[in-house]
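Only this structure's heavy atoms are used, side chains among them; waters, hydrogens and symmetry mates stay out. A, B, ... follow the sequence lines: proteins, then strands. Residue 1 opens every chain. The structure displayed is predicted, hence computed values, not measured ones.
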Amino acid sequence: MRMTRLHAPTLKDDPKDAEVISHRLLVRGGYIRKLSAGIYDYLPLALRVLRKIQGIIREELDDAGAQEVLLPAVQPSEIWEESGRWALYGPELMRMKDRKGGDFCLGPTHEEVIVDLVRRDVRSWRALPINLYQIQTKFRDEIRPRAGLMRGREFIMKDAYSFDIDDAAANASYDEMFSAYGRIFSRCGLDFRPVEADTGAIGGSRSHEFQVLADSGEDAIVSCTNCGYAANIEQAELSKPEAVVGFTGTLERVETPKVRTIDEVSQFLTKPAQAFIKTLIVQADSDVHAVLIRGDHELNPIKLAKLLGVSEVVLAEDDTVKRVTGAPVGFAGPIGLDGVSSIIADYAVQGMSDAVVGGNAIDSHFTGVGESRDFEVDRFADLRMAMGGDDCPRCAGTLQDYRGIEVGHVFFLGTKYSEAMRCNYLDESGRERPMVMGCYGIGVSRIMAAAIEQNHDDSGIIWPTAIAPFHVTLLPLQMNKDAVVDAAQSLYQGLKDAGVEVLLDDRKERAGSKFKDAELIGIPLRIAIGSRGLDNGIVEAKVRGHDAVHELPLASVTDWVLEQLN
RNA sequence: CGGGGUGUAGCGCAGUCUGGUAGCGCACCAGUUUUGGGUACUGGUGGUCGGAGGUUCAAAUCCUCUCGCCCCGACCA
């Protein structure tokens, strides 16, 4: 490809509305343009990257026995009514009517469509397992799209769905997808972790997210430094700490005028946050509970909801707090608290002594508190978010904090959709049974952004070779010198003939502009052809992201490039 | 949805407080110059100042309403 024929409008200035690195570089590098919030044009360079990613996905999924289909983007409400999600899905589901007044939506996901497809034509256990996937544009009307391609409303996703005869077979399908995902992300050149994830309201027993490690990631994850354990902090279970025996401190009520948050009280009393017990008043359906969490820890509402057997828990309204504690928000404590259904405490609170708790009265706290000596807990459980420094629940190691970008998710669905939509088959004994499903997503456009978050420097993008828009870029530095132009032209032809994807910067730009743009666009290999070196038959070769400059004879350029590409 | 910000040329911005009929840099076009890290100079193209209404002799500027976009949070799985 010749640069003069490539629509890659690069910018010197950062676009104002781009904050995160991948967003800035994709816009500046001429890869994407915004059409509306969370909706982007993909320009030629971006499309080349997306096709590389899609190619890797196709190869690995086809190898794993999946088959590609392409399902409609616009879906009728009927199948969503059947699965029950027409009512369940909120405004994130983009709904619309056709000219006859029929209800439709833009597909945010395709469980309904795929189940409808499979249930029509697959009737026998002999036809299973079957695994169908597609690569397609999804639309979710996100409350707040952000960070460019990272969380768009319209985005490209690969979604796959497996159908099996029973749990064991479905688990095998899951395992196969899990390992294919590992190969896909490795081939994309990403540093990632598969982490155990929350199975959420869908239920089911297994779920893993594939997280690309990057400081800008939206998700908080912990990973053991010793064994392979890794999990979303929402999911990470924590081992029960050993209870400490013996109390110190004497119970004492202290005045704490106008200080209510842990930080404020901690400063006021000059005691560390670990010495505090937070008392959170929560609402679970119609019940109100008090939840005790150590001051430096954070409640995990998902764990609490599971423990209480409800779909969700929320912090109680101010009025409720006042009613059950007799004090405004900020002074709740477990001592003398009897207006709640139960007092539940995180394991870390067990055996705490010389602690600080709220006094259930305005401007008042207790110090020197001993758990079980000064108040009763109804039950203890693992209720908090994991964090760096915690003990690994699987081995003797320690957990470390990471931020991650979720680029893939594998999910054991079970029979939720197949039962709701009667996607059944006849087993060997002629009995009708629901198929057991799994679903598997990859954020294709998000991978492009995640790869940049992980691979860039001050000058621009540094693409992993496997997903770079081109392998090599040629920079003729003086377009007015025939020798330079001719040498570049013959290198261009030679590389193309050798099957290399090459971008020739044949613009009549100065050398500086070409270098800058080449670095911004981030093609892995760069060959600079200048009159100075050419007098000695030499060009300069450089690998993007490395400082070393190699002087190469013209004749060996193609070999060098092929060697670099392996 | 709550909080904060912002909308002026393709991009980045000034002008708004204190009303007087729109400007700078980049990009783009023509030319001179330069020629290995975004060259310098000259001339030029391009804007209903997000939109609607109002106040005024006069509105980018003041008032009211409205829309878009960005950030934080809540929400969502």
Side-chain angles (χ1 to χ4, degrees), chain A residues 7-20 23-24 27-30 32-41 85 88-94 108-109 111 138 140-148 150-153 157 159 197-204 207-209 216 218-219 232 234-235 301-302 305 311-312 314-315 406 408-411 413 416 439 441 443 458-460 474-481 483-485 488 505 507-521 526-536 538-540 542 547 549 551:
Chain A
H7 185 57
T10 58
L11 303 173
K12 283 188 187 177
D13 293 319
D14 279 333
K16 188 181 58 161
D17 58 5
E19 196 103 324
V20 300
H23 188 193
R24 281 209 321 256
V27 174
R28 279 195 55 207
I32 61 170
R33 288 292 184 260
K34 184 174 68 191
L35 179 63
S36 183
I39 301 178
Y40 291 86
D41 304 321
R85 286 161 114 192
L88 273 177
Y89 238 94
E92 200 180 82
L93 182 66
M94 188 89 161
T109 178
E111 279 83 7
K138 296 277 192 273
R140 296 179 186 172
D141 197 0
E142 293 277 347
I143 293 173
R144 187 155 92 79
R146 69 187 94 183
M150 218 84 103
R151 179 170 292 276
R153 292 195 290 175
M157 183 172 172
D159 48 326
D198 177 39
T199 47
I202 300 178
S207 175
H208 287 86
E209 294 167 349
S216 56
E218 287 190 304
D219 297 325
N232 196 304
E234 294 177 340
Q235 167 73 12
I302 294 171
S311 61
E312 69 167 354
V314 292
L315 284 177
E406 184 188 347
H409 200 152
V410 292
F411 218 109
L413 281 179
K416 178 188 164 76
C439 71
D458 290 345
S459 304
L474 300 178
L475 309 187
L477 299 179
Q478 299 92 12
M479 290 300 290
N480 55 349
K481 299 236 165 83
V484 172
V485 173
D505 192 347
R507 298 174 301 169
K508 292 188 167 40
E509 290 288 331
R510 296 169 53 87
S513 300
K514 293 191 178 185
F515 284 128
K516 290 287 186 194
D517 275 343
E519 278 152 14
L520 179 61
I521 289 170
R526 181 186 87 193
I527 310 290
I529 303 119
S531 52
R532 216 158 61 194
L534 214 51
D535 291 342
N536 303 311
I538 280 176
V539 297
E540 284 171 15
K542 190 168 172 301
D547 290 333
V549 175
E551 299 206 324

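Following rounding to the nearest Å, D141(A) (CG) and A77(B) (C1') show an atom-to-atom distance of 16 Å. One can place CG of L534(A) at 15 Å from C1' of U35(B), the figure rounded to the nearest angstrom. Put simply, NZ on K508(A) is 17 Å from P on U39(B), counting in whole angstrom units. Atoms NZ (K542(A)) and P (G36(B)) sit 19 Å apart, rounded to a whole Å. One atom, CZ of R24(A), and another, P of C11(B), lie 18 Å apart when rounded to the nearest Å. Nucleotide A74(B) holds its C1' atom 10 Å from the CZ atom of R146(A), rounded to whole Å. Rounded to an integer number of Å, the gap from D458(A) CG to G38(B) P is 17 Å. Straight-line distance from the CD1 atom of I32(A) to the P atom of C11(B): 15 Å, rounded to whole Å.
The nearest pair of heavy atoms linking E551(A) to I538(A) is CB-CG2, 3.8 Å. In terms of heavy-atom proximity, V27(A) sits nearest to R33(A) at O-NH1, 2.7 Å. Taking all atoms of both residues into account, the shortest heavy-atom contact from K481(A) to S531(A) is NZ-OG, 3.9 Å. Closest non-hydrogen pair, H409(A) versus S207(A), comes out as NE2-OG, 2.6 Å. Here the shortest heavy-atom pairing between G38(A) and P145(A) reads CA-CB, 3.8 Å. In terms of heavy-atom proximity, H23(A) sits nearest to Y40(A) at NE2-OH, 3.3 Å.
Across all strands shown, G43(B) forms a Watson-Crick or G-U wobble pair, both distances under 3.5 Å, with C29(B). When Watson-Crick and G-U wobble pairs are counted only if both distances are under 3.5 Å, C76(B) pairs with no nucleotide at all. With a cut-off of 3.5 Å on both Watson-Crick or G-U wobble distances, the partner of A52(B) is given as U64(B). The partner of G37(B) is absent, by the rule that a Watson-Crick or G-U pair needs both atom distances under 3.5 Å. Remark: C24(B) base-pairs with G12(B); criterion is Watson-Crick or G-U wobble with both hydrogen-bond distances under 3.5 Å. In this structure, C69(B) and G5(B) make a Watson-Crick or G-U wobble pair, each of the two defining distances being under 3.5 angstrom. Pairing for C17(B) is absent, judged as Watson-Crick or G-U wobble with the two contacts each under 3.5 Å.
Ion pairing between a basic and an acidic side chain is recognised when a charged N comes within 4.0 Å of a carboxylate O; K138(A) and D159(A) show such pairing. Looking at E111(A) and R85(A), a side-chain N of the basic residue comes within less than 4.0 Å of a carboxylate O on the acidic one, giving a salt bridge.
Here, U16(B) and U61(B) have their P atoms 12 Å apart, quoted to the whole Å. Comparing the P positions of G12(B) and A74(B) gives a spacing of 29 Å, expressed to the nearest Å. Distance noted for atom C1' between G4(B) and U8(B): 22 Å (whole Å). Comparing the same atom, C1', in C62(B) and in U55(B) gives a spacing of 8 Å after rounding to whole Å. C29(B) sits 36 Å from G20(B) when the P atoms are compared, rounded to a whole Å. Taking atom C1' in both C71(B) and A77(B), the straight-line distance is 23 Å, to the nearest Å. Look at the P atom in both A22(B) and C63(B): the space between them is 23 Å, to the nearest Å. Taking atom P in both C1(B) and U48(B), the straight-line distance is 31 Å, to the nearest Å.
Among the nucleotides C70(B), G73(B), G36(B), the one closest to any side-chain atom of A37(A) is C70(B). Set against U35(B), G37(B), G38(B), the side chain of E519(A) has G37(B) as its closest nucleotide. Side chain of K34(A), nearest nucleotide from C70(B), G37(B), C72(B): C70(B). Of the listed nucleotides (G73(B), U34(B), G37(B)), G37(B) has the atom at the smallest distance from the side chain of R526(A). Relative to the side chain of R28(A), the nucleotides G36(B), G38(B), C75(B) differ in distance, and G38(B) lies closest.
Looking at heavy-atom distances under 4.0 Å, R507(A) makes no contact with the nucleic acid at all. Using a 4.0 Å heavy-atom cutoff across all strands shown, A518(A) reaches no nucleic acid atom at all. Using a 4.0 Å heavy-atom distance criterion, E540(A) is classed as a base contact. K514(A) comes within 4.0 angstrom of nothing in the nucleic acid, heavy atoms only. If you check every strand for non-hydrogen atoms under 4.0 Å, D14(A) touches sugar and phosphate atoms only.
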Apply the test salt bridge (Lys or Arg N to Asp or Glu O under 4.0 Å) to residues D13(A) and R28(A): give CA-CA distance (whole Å), side-chain angles for both, the deciding distance (0.1 Å), then the verdict. CA-CA 7 Å; D13(A) 293 319; R28(A) 279 195 55 207; over 6 Å; no
Sort me out a list of protein N/O and nucleotides 26-33 of chain B N/O pairs below 3.5 Å, or just none if empty.
| from | atom 1 | to | atom 2 | distance (Å) |
| --- | --- | --- | --- | --- |
| C26(B) | O3' | K12(A) | NZ | 3.3 |
| A27(B) | OP1 | K12(A) | NZ | 3.3 |

Could you list all N or O pairs between the protein and nucleotides 2-9 of chain B that sit under 3.5 Å apart?
| from | atom 1 | to | atom 2 | distance (Å) |
| --- | --- | --- | --- | --- |
| U6(B) | O2' | K16(A) | NZ | 3.1 |

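For R532(A), no side-chain nitrogen or oxygen approaches OP1 or OP2 of G36(B) to under 4.0 Å.
Atom NZ in K542(A) sits 11.0 Å away from atom CG in L475(A) (nearest 0.5 Å). Here CG of L477(A) is found 12.5 Å from CD of E509(A). Values are rounded to the nearest 0.5 Å.
Between Y89(A) and A511(A), the residue anchored closer to the 5' end of RNA chain B is A511(A), taking for each the nucleotide with the nearest heavy atom. With RNA chain B read from its 5' end, the first of the two nearest nucleotides for R151(A) and S36(A) is the one closest to S36(A).
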Got a list of side-chain donor-acceptor pairs under 3.5 Å for residues 512-521 of chain A, not counting sequence neighbours?
| from | atom 1 | to | atom 2 | distance (Å) |
| --- | --- | --- | --- | --- |
| K514(A) | NZ | P476(A) | O | 2.8 |
| K514(A) | NZ | D505(A) | O | 2.9 |
| K514(A) | NZ | R507(A) | O | 2.9 |
| D517(A) | OD1 | T10(A) | OG1 | 3.0 |
| D517(A) | OD2 | T10(A) | OG1 | 3.4 |
| D517(A) | OD2 | R507(A) | NH1 | 3.1 |
| D517(A) | OD2 | R507(A) | NH2 | 3.1 |
| E519(A) | OE2 | R526(A) | NH1 | 3.2 |

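With a 4.5 Å cut-off on side-chain heavy atoms, K34(A) and I39(A) do not count as touching.
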